[in-house]
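What follows is one structure encoded as structure tokens, with my remarks underneath.
Numbers here simply count residues along the sequence, with the first being 1. Quick caveat, the model's predicted, so the values are computed rather than measured.
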Amino acid sequence: MKKVPLDKRRTVAIVGHNGSGKSHLLSTVLFMKGLLDKPGSKGVDYDPVEQEKGSSVTSHVATFDWSDGVISMIDTPGFGDFMGEVINAVYVSENILMVVNATAGVEIQTERYWRTAEKYEKPIMVFVNQMDKERADFDKTLADLKDRFDRKMIPVLLPIGKESSFRGVVDVFSGKAYVYENGKRSEAEVPESIADYVEEVKMNAIEDIVELDDELMEKYLEGEEIESQKIFDALKKGYSSGEVVPVFVGSAELGVGVDLLLDKVFEIGVSPSEAKPYKAFMDGDREVEVFMKDDEPFVGFIFKAAVDKFVGKVTYLKVLSGSLKPGDSLINMRKENTEKVGHVYVPVLSKQEEVEEVDAGDIAVLLKLSEASVGDTLAHKDRRLKVVLPEYPEPMYSRSVNPKSKQDIDKINNGLARLADSDPTFQWEYDPETQETVISGLGATHLETMISRLRGIFGVDVEIGKPKIAYRETIRKQAVAEHKHKKQTGGHGQYGHVKIRLEPLPRGTGYEFVDQIVGGVIPKNFIPSVDKGIREAMKRGVLADYPVVDVRVVLFDGSYHEVDSSDISFQIAAIQAFRKGMEEASPVILEPIMDVEVFVPDENAGDATGEITARRGRPLGMEPAGKGMTKIRAEVPLAEMLDFSNKLSSVTSGRGYFTMRFLKYQEVPPNIQEKIIEERKREIEQRK
């Protein structure tokens with residue numbers, strides 16, 4: 001890989017809806033460069049899970065020479081389940097190439113990924129792909145883009161023909177036409193049938209561009225001829241600022257327009273030296289800005305990590321400043337450990353090219369870093385700062401996993417931990433309360449992919465189930481109870497006697513213990529034993545063995561024996577007294593309630609609200625959430641949200657999504673409580 005100045009480097013994230021042809025586009029580029037034997041998405045989607053599904057489930061990175069510079073392209077998945085991969089790619093790229101299917105126009109994930117690019121203030125360009133397919137329509141797609149997004153859409157390339165007659169493109173600003181045959185490009189005359197159309201598009205584009213520059217606008221209004229270079233410079237400036245979106249057209253499958261697209265990406269695209277700085281924190285809380293420069297101490301951000309069955313951990317790093325060489329030592333600012341760099345590579349899909357050095361703006365691949373994970377900052381000791389993380393959606397789709405063999409427990413835990421290091425939207429935890437390992441992700445496909453990797457890479461198999469809900473028990477009224485534990489055997493006996501009062505507390509209070517013993521009827525050294533016994537009793541309620549919460553216990557009387565009383569005697573007395581008291585205190589089961597935000601197209605707001613209500617949810621209101629989208633806030637029981645993701649996808653044709661977080665515990669309705677108790681009894685019997 002040749003070494004080039006900072007202004008000759010480009011990083012481009014290829015994003016778009018599933019099936020728009022992103023992977024095919026990258027494969028065609030790499031085929032042109034001689035880095036793939038033949039074009040096609042299978043050359044990019046080399047992961048075994050991707051081969052099985054026929055679609056990308058992870059991002060793929062390729063760095064290659066182009067023109068007099070170097071381009072790194074990151075191909076991203078089109079499924080919303082892999083939003084974390086898209087966010088990371090967008091975060092470390094200076095340019096976003098949105099691929100749109102000419103037969104379908106703006107689709108669900110197009111909108112979502114567009115909003116992601118806007119959130120991180122990244123400039124966007126569009127490639128209208130698949131012009132050779134049946135029902136392809138460039139004008140309709142362009143109109144759809146203008147309608148959905150509040151940006152000036154500037155066509156840079158226009159199609160010659162469409163569907164089976166699509167054979168080339170016209171460069172709007174140079175007026176040159178190019179036709180392709182068997183992947184080879186030749187210059188041609190603009191067909192007479194579209195000459196007027198091309199001129200009209202050019203004039204409209206120039207009008208949009210000159211509006212960005214007062215000097216050009218003045219010349220235009222006065223009828224002066226404006227140099228084409230100044231028009232192009234204004235287009236580049238407008239793209240960089242996010243005011244305009246250059247639109248290209250072609251067919252990745254046929255290779256039509258792809259080389260011109262890359263030329264324009266390089267000419268118009270933002271270099272690392274022109275990009276907005278990254279925010280970071282130094283010394284804990286002092287905010288600083290990181291500009292991409294070669295002459296600063298090294299700072300790198302890990303945006304991708306993979307687990308290879310043979311190589312081990314593979315880490316992808318965006319160099320934000322400085323340079324990196326083999327043998328360098330770096331500090332992991334989140335884990336606070338030192339990482340020793342071995343060989344340094346630049347990525348070309350599953351292959352890596354070893355290099356002597358990488359610089360600001362480059363993407364590097366490092367092998368076998370000990371503790372590095374996605375989101376970590378690696379820094380030189382002279383620049384100890386931590387890059388601000390992008391915001392990831394909360395994993396809301398959960399399943400339980402259980403090993404088919406108990407011997408695999410450690411292997412499963414190790415595998416899940418390493419998978420979680422590679423994906424911030426994938427989480428796992430062992431819940432001692434339900435005695436389950438629970439994995440969480442962004443959807444069914446996401447978790448299926450992780451399980452496939454667990455099986456394929458780590459060689460373990462698991463059974464998948466619905467996770468249990470962490471219910472609680474509490475009381476609704478006061479009750480008084482006592483228990484005298486008296487046991488006589490040879491030698492010292494056991495004696496403990498307590499009288500307690502149980503009182504309900506407000507939700508979320510937890511547990512309070514009040515000592516009201518007077519006159520020494522229970523010696524002070526045994527009071528903690530009573531408290532300890534009650535805490536033990538609260539681990540298992542009287543209805544369904546769930547932990548007890550929000551209870552005050554007042555110890556107000558009792559008795560002791562000078563010889564037979566002991567710590568364990570008072571613990572046992574307290575446990576039995578608590579259980580008696582709880583049975584008399586109108587016990588009830590509590591369930592976790594979630595604060596839910598649901599994002600749906602405006603036309604689906606009513607259906608989504610109805611679905612929430614049907615799940616025992618309480619809608620709290622609606623508000624606009626961007627063009628054509630509505631946000632619904634609601635409180636919904638967690639038990640009703642376990643399959644909500646699939647239902648929401650069905651209701652909104654895949655365009656809806658949601659977030660949720662724990663809010664509070666709330667009483668379960670009587671009919672639901674009966675079902676929970678019966679199910680819990682069956683579980684306990686099965687354990688026996």
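At most 12 heavy atoms of other shown residues, nucleotides or ligands fall within 6.0 angstrom of atom NZ in K351. D37 CG: 12 or fewer foreign heavy atoms inside a 6.0 Å radius. Other residues, nucleotides and ligands contribute at most 12 non-hydrogen atoms within 6.0 Å of the CD atom of E356. Counted within 6.0 Å of CD on E391, heavy atoms from surrounding residues, nucleotides or ligands total 12 or fewer; the atom is thus considered open. Atom CG of D150 has 12 or fewer heavy atoms from other residues, nucleotides or ligands within 6.0 Å. Sparse packing is recorded around NZ of K279, with 12 or fewer heavy atoms of other residues, nucleotides or ligands lying under 6.0 Å away. Around CZ of R151, the count of heavy atoms belonging to other residues, nucleotides or ligands within 6.0 Å exceeds 12.
With respect to E371 and K313, no salt bridge is recorded, no charged nitrogen being found less than 4.0 Å from a carboxylate O. Residues R9 and D294 are paired through a salt bridge, judged by an N-O separation under 4.0 Å between the basic side chain and the carboxylate. Ion pairing between R115 and E118 fails under the 4.0 Å rule for side-chain N and carboxylate O. We find that E623 and R633 are not joined by a salt bridge, their nearest charged nitrogen and carboxylate oxygen being 4.0 Å or further apart.
Between the side chain of D408 and the backbone N or O of V460, no donor-acceptor pair lies under 3.5 Å. With hydrogens and angles ignored, the 3.5 Å screen pairs no side-chain donor or acceptor of S240 with any backbone N or O of K237. Using a distance-only test at 3.5 Å, with no hydrogens or angles considered, no donor-acceptor pair links the side chain of K22 to the main chain of V99. Remark: the backbone N or O of D65 is paired with a side-chain donor or acceptor of K33 at under 3.5 angstrom. In this structure, E336 contributes its side chain and M333 its backbone to no donor-acceptor pair below 3.5 Å. The backbone N or O of A420 sits nowhere less than 3.5 Å from a side-chain atom of D423 that would complete a donor-acceptor pair. The main-chain N or O of Q109 is found under 3.5 Å from a side-chain atom of H17 such that the two form a donor-acceptor pair. K122 places a side-chain N or O within 3.5 Å of a backbone atom of S93 that can act as its donor or acceptor partner. Side chain of S400 to backbone of G465: a donor-acceptor contact under 3.5 angstrom is found. No donor-acceptor pair closer than 3.5 Å links the side chain of Y392 to the backbone N or O of N88.
Note that R10 lies in the cation-pi zone of F266, set by a 6.0 Å cut-off to the ring centre and a 45° limit from the axis. Relative to the six-membered ring of Y657, R112 meets both conditions, a distance below 6.0 Å and an angle of at most 45° to the axis.
Side-chain atoms of L642 and K466, non-hydrogen and from C-beta on, do get closer than 4.5 Å to each other. Under the 4.5 Å side-chain criterion, counting only non-hydrogen atoms from C-beta, L638 is not in contact with I593. Looking only at side-chain heavy atoms (C-beta outward), M98 and W114 come within less than 4.5 Å of each other. Two residues are said to be in side-chain contact when any heavy atoms from C-beta on lie closer than 4.5 Å; T449 and F82 meet this criterion. V307 places none of its side-chain heavy atoms less than 4.5 Å from the side chain of R453. The side-chain heavy atoms of F303 and L317, taken from C-beta on, include no pair separated by under 4.5 Å. V61 places a side-chain heavy atom less than 4.5 Å from the side chain of Y316.
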Next item on the list: Let me see the working for T63 and I71 under side-chain contact (heavy atoms from CB on, under 4.5 Å), right down to the final yes or no.
Entry: CA-CA 6 Å; T63 299; I71 297 179; over 6 Å; no
Next item on the list: Using the salt bridge (charged side-chain N to carboxylate O under 4.0 Å, His left out) rule, take D259 and K264 through it: C-alpha gap first, then chi angles, then the decisive distance, then the call.
Entry: CA-CA 9 Å; D259 52 347; K264 299 300 183 184; over 6 Å; no
Item checked: ring-ring contact (aromatic ring centres under 6.0 Å, His included) between F658 and F644, intermediate numbers included -> CA-CA 9 Å; F658 71 100; F644 183 68; 5.2 Å; yes
Next item on the list: Run the numbers on L330 and V341 for side-chain contact (heavy atoms from CB on, under 4.5 Å), then give the verdict.
Entry: CA-CA 8 Å; L330 303 173; V341 176; 3.9 Å; yes
Item checked: Intermediate values then yes/no, side-chain hydrogen bond (donor to acceptor under 3.5 Å, both in side chains), Y430 and N413 -> CA-CA 9 Å; Y430 176 75; N413 291 346; over 6 Å; no
Notebook entry, point to check: Yes or no on side-chain contact (heavy atoms from CB on, under 4.5 Å) for V365 and T315, after CA distance, side-chain angles and deciding distance?
Noted result: CA-CA 6 Å; V365 177; T315 302; over 6 Å; no
Next item on the list: Decide side-chain hydrogen bond (donor to acceptor under 3.5 Å, both in side chains) for S23 and D75; before the verdict, give the C-alpha distance in whole Å, the side-chain angles of both, and the deciding distance to 0.1 Å.
Entry: CA-CA 6 Å; S23 298; D75 172 44; 2.6 Å; yes
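Considering L454, N402, L416 in turn, L454 is the only one that fulfils the side-chain contact (heavy atoms from CB on, under 4.5 Å) rule with V462.
Across every non-hydrogen atom of G327 and K340, the tightest pair is O-NZ, 3.0 Å. Summarising the geometry of T425 relative to P393, their closest heavy-atom pair is CG2-O, 4.0 Å, with the distance given to 0.1 Å. Closest approach of E85 to T76, counting heavy atoms only: O-CG2, 4.4 Å. The two residues I74 and A89 come nearest to each other via the heavy atoms CG2-CB, 3.7 Å. When all heavy atoms are compared, the tightest approach of I363 to S72 is CD1-CB, 4.0 Å.
Side-chain contact annotation: E339 with S370, donor-acceptor N/O pair under 3.5 Å present. Counted by atom type alone, S271 and E274 present one or more donor-acceptor pairs between their side chains at under 3.5 Å.
Here S321 contributes atom OG and L385 contributes atom CG; the two are 7.5 Å apart, rounded to the nearest 0.5 Å. Between atom CG of residue L366 and atom NE2 of residue H343 there is a gap of 11.5 Å, rounded to the nearest 0.5 Å. The CD1 atom of I469 sits 8.5 Å away from atom OG of S398, with the distance rounded to the nearest 0.5 Å. L349 CG to M73 CE: the interatomic distance, rounded to the nearest 0.5 Å, is 11.5 Å. Atom OG of residue S20 and atom CG of residue L25 lie 9.0 Å apart, to the nearest 0.5 angstrom. Here R384 contributes atom CZ and M282 contributes atom CE; the two are 10.0 Å apart, rounded to the nearest 0.5 Å.
Using cut-offs of 30° and 60° for the angle between ring planes, the Y91 and Y278 rings count as perpendicular. Between F64 and W66, the angle of the ring planes goes over 60°, which puts this pair in the perpendicular group of the 30/60° scheme.
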